[in-house]
There are 2 protein chains.
Amino acid sequence: MAPNTADQIIDETIRNSGLRVTRQRRAIYRVLSDAEDHPDAPEVHKRAQASDLKVSLATTYRTLAELADKGVVTRLTLEGEPTRFETSDAPHHDHIIDLESGEVVEFLSPEIEELQRQVARQHGYEIVFHRLQLYCRKKT
Amino acid sequence: MAPNTADQIIDETIRNSGLRVTRQRRAIYRVLSDAEDHPDAPEVHKRAQASDLKVSLATTYRTLAELADKGVVTRLTLEGEPTRFETSDAPHHDHIIDLESGEVVEFLSPEIEELQRQVARQHGYEIVFHRLQLYCRKKT
DNA sequence: TTAACTGCAAAGGGTTTGCAAGACG
DNA sequence: CGTCTTGCAAACCCTTTGCAGTTAA
């Protein structure tokens with residue numbers, strides 16, 4: 001029977017990735033699940049603290065790295081700032097970064113994705129993953 | 001009268017960016033000028049040493065940062081590795097990263113560029129700069 | 001001459017790791 | 001219970017910085 005509550009889904013996600021389910025990992029993954037934005041590791045740590053449990057910063061880094069390696073979480077590496085994280089459950093998307101506010105907007109462009117595949121193919125490659133970031137300012 | 005030797009062009013480039021021309025900066029910029037690949041700062045330092053002159057690592061970092069801020073040099077920020085550098089004199093291009101060998105291949109796609117502009121516009125933005133990286137493996 | 005630049009060595013910031021104690025399965 | 005995980009603190013790596021001496025213009 002399929003899991004039905006958010007918590008069950010979280011546990012399942014962690015377990016399916018081959019890791020033991022611990023309170024710390026649950027708390028960390030939930031932070032990303034709930035996040036509207038794209039927090040970095042210290043920020044995830046801070047939010048995880050806000051729950052009942054005490055999670056160390058080391059465990060936060062370790063867990064984020066593990067989950068990212070398992071593909072359950074995605075690293076967002078921006079120019080000149082610490083790595084941010086997001087869950088991988090949303091469909092694939094890329095990012096617009098507002099240079100003034102730092103806000104990050106997600107977008108999806110199947111046309112660009114297709115052209116990327118073509119470009120890669122022309123060079124004898126196939127894409128494993130890609131990063132597309134548009135550093136923008138609000139149009140006047 | 002326009003500069004005619006490679007060395008004169010290098011000096012001109014540095015001077016035009018508003019910086020004094022020093023032997024260190026000349027050596028550092030020349031390393032990037034000559035590079036076929038995309039070296040990081042310690043590698044640029046190592047190559048600059050290979051010339052006559054002794055350049056410190058601190059100066060290498062400082063110079064690369066200055067030249068990047070002036071737009072003469074471009075930072076290449078890849079996933080999980082130190083920042084690499086390239087001169088900005090080549091026309092704009094994006095990068096394919098070979099995950100096996102670490103090799104970086106440059107490519108150009110006006111179609112993708114145009115689609116990017118459209119996407120940004122749809123979200124009320126205009127692009128200041130962008131990064132597109134295709135992490136690939138050789139097609140079998 | 002004098003403001004800009006360099007080298008050195010020490011500091012910094014983000015991230016990782018060794019180890020002993022604790023918890024999941 | 002055995003193994004995986006955690007917390008702590010120390011270590012790490014890449015990069016930046018303060019300062020005294022040097023150099024381009």
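Naming: A, B, ... by sequence-line order, numbering from 1 per chain. The model shown is predicted, which means the values in this text are computed figures rather than measured ones.
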Asks: Just checking, is any N or O donor in the side chain of B:E86 or B:H93 under 3.5 Å from an acceptor N or O on the other one?
Replies: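 Yes, because at least one side-chain N or O of B:E86 sits under 3.5 Å from a partner of the opposite role on B:H93.
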Asks: In whole angstrom, give the distance that lies between atom CD1 of B:I28 and atom C1' of C:dT6.
Replies: 10 Å
Asks: I need the CG-C1' distance between B:L64 and D:dC14, as an integer number of Å.
Replies: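 Rounding to the nearest Å, CG of B:L64 and C1' of D:dC14 are 13 Å apart.
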Asks: Are A:L99 and A:V104 grouped together when hydrophobic residues (ILVMFWY) are joined by side-chain heavy atoms under 4.5 angstrom apart?
Replies: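 Yes; A:V104 is reachable from A:L99 via cluster members.
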Asks: Rounded to whole Å, please give me the gap between CD in B:E79 and P in C:dT15.
Replies: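 My rounded result for the distance is 12 Å.
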Asks: Over how many whole Å does the gap from B:R25 atom CZ to C:dG7 atom P extend?
Replies: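 Computing the B:R25:CZ to C:dG7:P distance gives 11 Å.
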Asks: Enumerate, atom names and distances included, each donor-acceptor pair closer than 3.5 Å involving a side-chain atom of residues 53-63 of chain A, sequence neighbours excluded.
Replies:
{"from": "A:S56", "atom 1": "OG", "to": "A:T59", "atom 2": "N", "distance (Å)": "3.1"}
{"from": "A:S56", "atom 1": "OG", "to": "A:T59", "atom 2": "OG1", "distance (Å)": "3.1"}
{"from": "A:T60", "atom 1": "OG1", "to": "A:S56", "atom 2": "O", "distance (Å)": "2.9"}
{"from": "A:T63", "atom 1": "OG1", "to": "A:T59", "atom 2": "O", "distance (Å)": "2.9"}

Asks: Could you run through nucleotides 16-25 of chain D and give me one letter per nucleotide, 5' to 3': B if any protein heavy atom sits under 4.0 Å from the base, S if only the sugar-phosphate is that close, - if neither?
Replies: BBB-----BS
Asks: Using a cut-off of less than 4.0 Å, is there contact between a side-chain N or O of A:Q24 and OP1 or OP2 of C:dC24?
Replies: no
Asks: Could you tell me the separation between the NZ atom of A:K70 and the C1' atom of D:dC4, rounded to a whole number of Å?
Replies: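 In whole Å, D:dC4 C1' lies 12 Å from A:K70 NZ.
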Asks: To the nearest Å, how far apart are B:H45 NE2 and C:dC8 P?
Replies: 9 Å
Asks: Is the distance from OP1 or OP2 of D:dG7 to the nearest side-chain N or O of A:T59 less than 4.0 Å?
Replies: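 For D:dG7, OP1/OP2 do have a side-chain N/O of A:T59 under 4.0 Å.
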Asks: Just how far, in rounded Å, is P of C:dC5 from CG of B:L67?
Replies: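 Spelled out: CG on B:L67 to P on C:dC5 is 11 Å.
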Asks: Dump the pairs, protein N or O against N or O of nucleotides 11-13 of chain D, anything under 3.5 Å, distances to one decimal.
Replies:
none

Asks: Is there a chain of hydrophobic side chains (I, L, V, M, F, W, Y, each step under 4.5 Å between heavy atoms) that links B:F129 to B:L132?
Replies: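 Each belongs to a different hydrophobic cluster.
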Asks: What nucleotide, of C:dG7, C:dT6, D:dT15, holds the atom closest to the side chain of B:S56?
Replies: C:dG7
Asks: Any chance the side chains of A:Q133 and B:H130 put a donor and an acceptor closer than 3.5 Å?
Replies: no
Asks: Does a donor on one side chain sit under 3.5 Å from an acceptor on the other, for B:H38 and B:E106?
Replies: yes
Asks: To the nearest Å, give me how far apart CG (A:L53) and P (C:dG22) are.
Replies: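 Distance check: A:L53 CG to C:dG22 P gives 16 Å.
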Asks: Indicate if A:L134 and A:L78 have the same hydrophobic cluster label, given that clusters are the connected sets of ILVMFWY residues with side-chain heavy-atom separations under 4.5 angstrom.
Replies: no
Asks: How about A:T5 and A:D7: does a side-chain donor come under 3.5 Å of a side-chain acceptor?
Replies: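 No, no side-chain donor-acceptor contact under 3.5 Å.
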Asks: Apply salt bridge (charged side-chain N to carboxylate O under 4.0 Å, His left out) to A:K46 and A:E43, showing your working.
Replies: CA-CA 5 Å; A:K46 200 170 85 187; A:E43 178 63 25; 3.6 Å; yes
